[in-house]
There are 2 protein chains.
Amino acid sequence: MPRKPGATTQALSAPDENVPLDASLDSLIGYALRRAQLKMFQQLIEDFRPFDLRPAQFSALVIIESEPGLMQTDLARALTIEPPQVVTLLNKLESRGLAVRVRCKPDKRSYGIFLSKAGEVLLKQLKEIAAQSDITATSSLSPVERQQLLALLHKVYHNENAE
Amino acid sequence: MPRKPGATTQALSAPDENVPLDASLDSLIGYALRRAQLKMFQQLIEDFRPFDLRPAQFSALVIIESEPGLMQTDLARALTIEPPQVVTLLNKLESRGLAVRVRCKPDKRSYGIFLSKAGEVLLKQLKEIAAQSDITATSSLSPVERQQLLALLHKVYHNENAE
DNA sequence: TATTGTTATACTCTATAACTATA
DNA sequence: TATAGTTATAGAGTATAACAATA
């Protein structure tokens with residue numbers, strides 16, 4: 001059994017030239033990330049259930065609100081999904097009266113995407129639920145730890161070296 | 001303990017003296033977790049490409065190695081997937097000659113699952129690739145930060161309060 | 001009756017090619 | 001010709017019901 005990742009394991013280790021790179025799943029950040037992410041998603045989906053809303057739809061609403069009139073290509077890039085997925089997603093939001101496509105651009109191929117009034121009102125509620133859900137799912141962390149985790153995750157996500 | 005954001009809770013508290021609960025996506029751990037996880041998965045899938053192997057298949061191999069002879073129900077629980085998914089996954093591993101199902105239990109409904117010799121040999125290689133991939137994807141973190149992140153993620157994942 | 005593994009099925013998510021209408 | 005949005009399609013991943021063999 002490997003020991004728990006405690007505080008005092010790092011400094012004394014010699015430069016590991018040919019350490020076997022132990023990869024028991026518990027030592028892989030990717031694995032822990034996956035499990036934690038699944039758990040948090042489950043929580044959010046559960047908390048969104050009364051609204052019949054998926055996490056990606058919520059993200060879309062937030063992005064549209066923060067950049068009203070953006071094009072579908074922009075939304076695709078922001079969500080890192082493909083344009084065809086944006087179509088489905090937007091169709092759903094539009095049919096529920098939460099967002100609208102408006103032909104309002106010089107370039108008549110594209111739409112400007114906006115929240116409807118109903119979308120704005122609902123989103124306000126959804127944001128509180130999402131924030132509460134986030135805290136609930138991470139209730140084993142102290143506020144400081146939560147900030148640390150957030151910072152570390154952003155550091156991973158914004159890493160330019162990888163991929 | 002903040003309230004559950006129910007339907008009609010704040011009829012009177014017009015100005016939100018409450019905590020703003022800002023939920024711009026960047027302040028949500030769940031969102032950061034999702035983005036980071038996707039990025040790391042992409043990296044791993046890329047690094048596994050020469051082996052035509054999915055992350056879940058790798059996890060299965062590691063678990064089988066650590067608990068030889070386990071049943072498919074055990075594997076399902078360990079991977080938090082459903083039994084029917086184990087069937088597909090194992091069929092693939094078995095058809096590639098990496099794992100085997102053996103009727104070796106008192107209970108003749110179940111199989112014991114083992115790695116083949118080829119599975120053991122390949123897994124050794126895969127583990128090194130996975131470990132290297134993990135480090136590459138988190139190369140923006142110092143070793144200490146990596147350990148911190150791992151510990152925080154485990155804390156989230158093992159949180160009993162949530163869900 | 002309950003459980004192990006299985007089949008069948010369905011729904012979501014994801015990715016790509018090809019079409020349309022503009023540019 | 002290139003781009004924005006769309007359609008069609010196919011592949012994973014995930015979840016559930018129902019069945020056969022065994023307990």
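Residue numbers start from 1 in every chain, and the chains themselves are labelled A, B, ... in the order their sequence lines are given, proteins ahead of strands.
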Beyond-backbone contact of B/Lys92 with B/Asp52, side-chain heavy atoms, under 4.5 angstrom: yes
Other members of the hydrophobic cluster containing B/Val121, with the 4.5 Å side-chain heavy-atom rule, please. none
With sequence neighbours left out, write down each residue that passes side-chain hydrogen bond (donor to acceptor under 3.5 Å, both in side chains) with A/Arg35, or none if nothing qualifies. A/Tyr31, B/Tyr157
Which ILVMFWY residues are connected to A/Val102, directly or by a chain of links, through side-chain heavy atoms under 4.5 Å apart? A/Val100, A/Phe114
Which pairs with one or both residues in residues 75-87 of chain A pass side-chain hydrogen bond (donor to acceptor under 3.5 Å, both in side chains), sequence neighbours excluded? A/Asp74-A/Arg77
Can you sort out the partners of B/Glu120 under side-chain hydrogen bond (donor to acceptor under 3.5 Å, both in side chains), two or more places apart, ordered by chain and number? none
Nonpolar side-chain network containing B/Met71, other nodes, edges under 4.5 Å: none
Axis-to-axis angle for the helix from C/dT1-D/dA23 to C/dA23-D/dT1, ends of five pairs each, to 10°, equals 10°
Among all residues two or more places apart in sequence or in another chain, which pass the salt bridge (charged side-chain N to carboxylate O under 4.0 Å, His left out) test with B/Arg101? B/Glu94
Enumerate the residue pairs fulfilling side-chain hydrogen bond (donor to acceptor under 3.5 Å, both in side chains) with a member in residues 56-66 of chain B, sequence neighbours excluded, ordered by first and then second residue. B/Glu65-B/Lys127
Set of residues satisfying side-chain contact (heavy atoms from CB on, under 4.5 Å) with respect to A/Thr88, sequence neighbours excluded: none
How does protein reach along nucleotides 1-10 of chain C, written 5' to 3' as B (base within reach of a heavy atom under 4.0 Å), S (only sugar-phosphate), or - (no contact)? -BBSSBBB--
To the nearest Å, how far apart are A/Asp52 CG and C/dC11 C1'? 13 Å
Check the interface with nucleotides 11-13 of chain D: list each N/O to N/O pair with the protein under 3.5 Å, or write none.
unit_1	atom_1	unit_2	atom_2	d
D/dG13	OP1	B/Arg54	NE	3.0
D/dG13	OP1	B/Arg54	NH2	3.3

Rounded distance in Å - CG (B/Leu79) to P (D/dA15): 13 Å
